[in-house]
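Here the structure is laid out as structure tokens; the discussion comes afterwards.
The sequence lines fix the lettering, A, B, ..., with proteins before strands; numbering per chain opens at 1. All values below come from the heavy atoms of this structure, side chains included, with hydrogens, waters and symmetry mates left out. What you see is a predicted model; the values in this text were computed from it and never measured.
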Amino acid sequence: MKIQDLKELQLDGIKEAANIGGGHAATALSQMLDKEVDVKVPEVEIFPIEKTPELLKMENNIVVAALTRFFGDATGRNLMIMKDLDAKDLVNILLDREIREDTEIDEMGFSSLKEVANILCSSYLSAISEFLGLLLLPSVPAIVRDDSRAIILSTYLEFSRKEKLAFCVKSIFHFKNLERELQAYLLLIPDTESLDNILKAMGLL
Amino acid sequence: MKRRFKILVKTGQFKVTGDSKVLITHGLGSCVALTLYDEKVKIGGMLHYILPENPGDGKKANYVDTGIELLIQEMIRFGTKKERMVAKLIGGAIMFEEFIKDKENSIGMRNIKKGRKILGDLGIPILSEDVGGGYGRSVEFDLSNGKVCINSYKLGIKII
């Protein structure tokens, strides 16, 4: 199955799987943080590869991003992205301390964000795995802080070099009941070769 | 300092200009910005390419092998001479180093190598480079003097 040939019904199916994954991940995060965490209905995004840097429109492009790869019956990547300021606030909540806006996130902070990404991605993938009856095994996440445009495009290129179209399912998590609502984006990027397996598991191929 | 006119070169695009303007591009990860400059007429161009080789049916400016032809044609149309062109290469990073075992074969490294080879074949000298590493870069190419200013969150500002 090629990305450009995906039908509405098949896209809806993939969205539904991501929706279930997102719901479970929100519950897991909510329990971990003891705060309300909501997730919106996911959106499917398909665009030419050179447009991917524009996928997240933000005024300041510094983000903290955690990349998880998954293996098994379907392969691909999960990318969790938080705006720099949101990531700092989340570290403060997790470690119960105060980093000011003008200071950098330290090693301990990155480590705790990595843990958030780990819980987010593994609960997301395990729910999808159960829903589809496919084995999906996540790796440990790798975390970086940099320009979102560089991160997103490189995430595509480094692992699938031939594609001219980029495909992802985007979920947005909202951390509520805080001084300021925080957001985290989660992109599900299945390898194109795995789309067939995912669609077959849902009886859509 | 006088406010300079800045022109954005998006991913998978190329632009040529002069008149002391500044060509800028953002968010270089594994992508590479290739700049060409003709000091005599102070005209230069930038290509922000994504991958080394065009499979044949891809958008030309996404790939260095086909993109550089477009860039050189445009440079010549602006009145520059190929013999006077000098190049700089910026970018080609590995954003998630933990996942990339074979660094030499990473997309960033392949982009850099292909860029160097093509410039070598064309006989265009590479004056300087700021490539590799594990961080993103933004670039400002000043057409008044051919200097390239690189900004990264990791290392701050560097001029080549």
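- Neither the backbone nor the side chain of A/Thr52 has a heavy atom closer than 4.5 Å to any heavy atom of chain B.
- Shown here is A/Gln183, whose CD atom has more than 12 heavy atoms of other residues, nucleotides or ligands within 6.0 Å.
- Rounded to the nearest 0.5 Å, atoms CD (B/Glu98) and OG (A/Ser139) are 9.0 Å apart.
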Using residues 41-51 of chain A as the side-chain source, report each donor-acceptor pair under 3.5 Å to any protein atom, sequence neighbours left out, with the distance given to one decimal.
from	atom 1	to	atom 2	distance (Å)
A/Glu45	OE2	A/Lys170	NZ	3.1
A/Glu50	OE1	B/Asn62	ND2	3.0

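- B/Ser138 touches chain A through its side chain: at least one heavy atom from C-beta onward sits under 4.5 Å away, while N, CA, C and O do not.
- A/Ala150 and B/Gly136 make their closest contact through CB-CA, 4.1 Å (heavy atoms, listed as atom of the first residue, atom of the second, distance).
- At a 4.5 Å heavy-atom cutoff, the contact between A/Leu153 and chain B is made by side-chain atoms alone.
- Considering only heavy atoms from C-beta on, B/Ile100 comes within 4.5 Å of A/Glu158 through its side chain.
- With a threshold of 4.5 angstrom between heavy atoms, A/Thr155 approaches chain B through side-chain atoms but not through N, CA, C or O.
- Summarising the geometry, atom CG belonging to A/Leu67 is positioned 11.0 Å from atom CE belonging to B/Met95; distances are rounded to the nearest 0.5 Å.
- Proximity to chain A (any heavy atom under 4.5 Å) is restricted, for B/Leu28, to the backbone atoms N, CA, C and O.
- Residues B/Lys10 and A/Glu54 form a side-chain contact, since some pair of their non-hydrogen atoms from C-beta on lies under 4.5 Å apart.
- Surrounding CD of B/Glu39 are at most 12 heavy atoms belonging to other residues, nucleotides or ligands under 6.0 Å away.
- For B/Tyr63, the part lying near chain A is the side chain, with the backbone staying farther off; criterion is any non-hydrogen pair under 4.5 Å.
- Considering every non-hydrogen atom in both A/Ala65 and B/Phe96, the closest pair reads O-CE2, 4.0 Å.
- Residues passing the salt bridge (charged side-chain N to carboxylate O under 4.0 Å, His left out) test with B/Lys81, sequence neighbours excluded: none.
- Dense packing is recorded around NZ of B/Lys42, with more than 12 heavy atoms of other residues, nucleotides or ligands lying under 6.0 Å away.
- Remark: side-chain polar atoms of A/Ser154 are paired, donor with acceptor, to backbone N or O of B/Ser30 under 3.5 angstrom.
- For the residue pair B/Tyr153 and A/Asp146, the shortest heavy atom distance occurs at CD1-OD1, 3.6 Å.
- Taking a 6.0 Å sphere around CD of A/Gln4, one finds it holds more than 12 heavy atoms contributed by other residues, nucleotides or ligands.
- No part of A/Ile152 comes within reach of chain B, as not one of its non-hydrogen atoms sits under 4.5 angstrom from that chain.
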